[in-house]
*Asks:* 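Here you go, one structure.
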Amino acid sequence: MRIRRTYNNGDYNKALRLSNPKLNKARDKKFFQDIICRSLYNLGKYADVISFVNEHNLETHRSYEHKSTLKLRIQDYQCPSPNLHADKKWNSTDLISNWHQEESRIWLRHPWGWTYWDMPDTYQIQNTSESLLYLALEVLLNPFVDEVSNHEVKKRPFGSNLALSFSGGIDSTAAAILLPKETILAYHKRSFESMLSHELAEILFDKMKAISGRDVMSIPSNHEKIRTYHQLPNGFSTEFASASHLILLADHLDLNGIAFGTPIDNTWLKKGKQYRDFSEAAYFVKWRKKFASAGLHYVLPINHISEAGALKICRASEYVDYVNSCLRGKNHLGCGKCWKCFHKNGPLGRPLDIESKEINKFLHQKPLRTAQHALWAVQKMNLNDRYPHLAKYLEEDLGWWENAYPPGIEIIPEEWRSGVKDNSEMYLKWMKEPFDLENVNLDI
Ligand SMILES: [Zn+2]
């Protein structure tokens, strides 16, 4: 009881001192382990939490191990800051004043620190419309800061060029193939060290240049660190943050639209497993309007195509040997062990370690990620027998999943609609009515 009281009073050092000698007593072992783990965490001794959880095999405290790993990652990262503007604080009333430029680096002061983008030499933030700067703030900070969502701003007129937020993976390569050849391809390059490798994407960019003369613009940035201030791993704050570089560049590149390689799995299907009428989805309507007020069409050139359809397009294209969605690949090859390798590289006939821990874990998890596509991949690779728990979803032939969904064409802005339609037909068949897609409602 005394130990519990000490812990509750916040004296974690003392709680540790009292608990440690008692740890080896069989009685109340769980209680002492719990106090030690929590005390270490509250004292910020994250490396000790991780070794304690592992040493004692504390399955009940894995969440502490996970949280500590994230904390360490944040602590490890030395966030760079600007030279001239280093003392500036976040301004929540004059939001635009949080943007700065030093040489070709654009700095954003946000409530927790600094984020930057390395822009082309001739880029000038002072020539960038306020509506773009507001939109960029919103896609980066919207989940964490309320004030960035409410702003009245002068509408920017539409420009003349289309750009694609291009990752070099299967989906965005399929999008690049369906859009006009002159579409600007722009890669967000994570500028800090992580598990993620740029190698496979950069091989593809070189080949695209060699094969079809298409350049890929690459913009380094560390904005994926913003969400780590909220105990989340590195990544995009919102789906649209993946195009924050293009939003900032929209005047510089005279853009009239930004395209995203978002497949059916995240458009007409909700979380890859339930059909919805995406053309009416609040999310789609809201963001289309927000982009339009910044003079940008929100373009979804593969909204009518599944990940399986995107694979089919890439397989038939001149980039087939170079496009790869694996983020851990090396030496021109995917790692063969990750989830992306399972559902993207596997169906392409590339080497796969089907015993991989990650693949088996994800296939047994509920909810099943990108469920409809994962089921198709299992069936496509004749792996049904390995996963009897999925049997009832694999009885029907899922071949329809490779075809394109005609109503999706209608939500592509008119300027690109017929081009995307014609190009889709070069690679894919159309789904037939009644559409199987509209019956997808997986509880899995
Ligand atoms: Zn992989």
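Each ligand, and each atom within it, is numbered from 1 in the order the structure gives.
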*Asks:* Do R156 side-chain atoms and A250 backbone N/O form a donor-acceptor pair below 3.5 Å?
*Replies:*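 Yes, R156 side chain to A250 backbone: donor-acceptor pair under 3.5 Å.
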*Asks:* Centre-to-centre under 6.0 Å for H223 and H188, is that the case here?
*Replies:* yes
*Asks:* Taking all non-hydrogen atoms of both residues into account, name the closest pair between T228 and P233 and its distance.
*Replies:* CG2-C, 4.0 Å
*Asks:* Decide if the gap between the ring center of F362 and the ring center of F342 is smaller than 6.0 angstrom.
*Replies:* no
*Asks:* Answer yes when K207 and D321 have at least one side-chain N-carboxylate O distance shorter than 4.0 Å, and no when they do not.
*Replies:* no
*Asks:* Does the pair F144 and Y229 meet the rule for a ring-ring contact (aromatic ring centres under 6.0 Å, His included), with working shown?
*Replies:* CA-CA 10 Å; F144 320 113; Y229 294 96; 9.4 Å; no
*Asks:* Which residues and atoms, counting only protein N, O or S, are under 2.8 Å from the Zn ion (ligand 1)?
*Replies:*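 Short answer, with waters excluded from the count: C326 SG, C335 SG, C338 SG, C341 SG.
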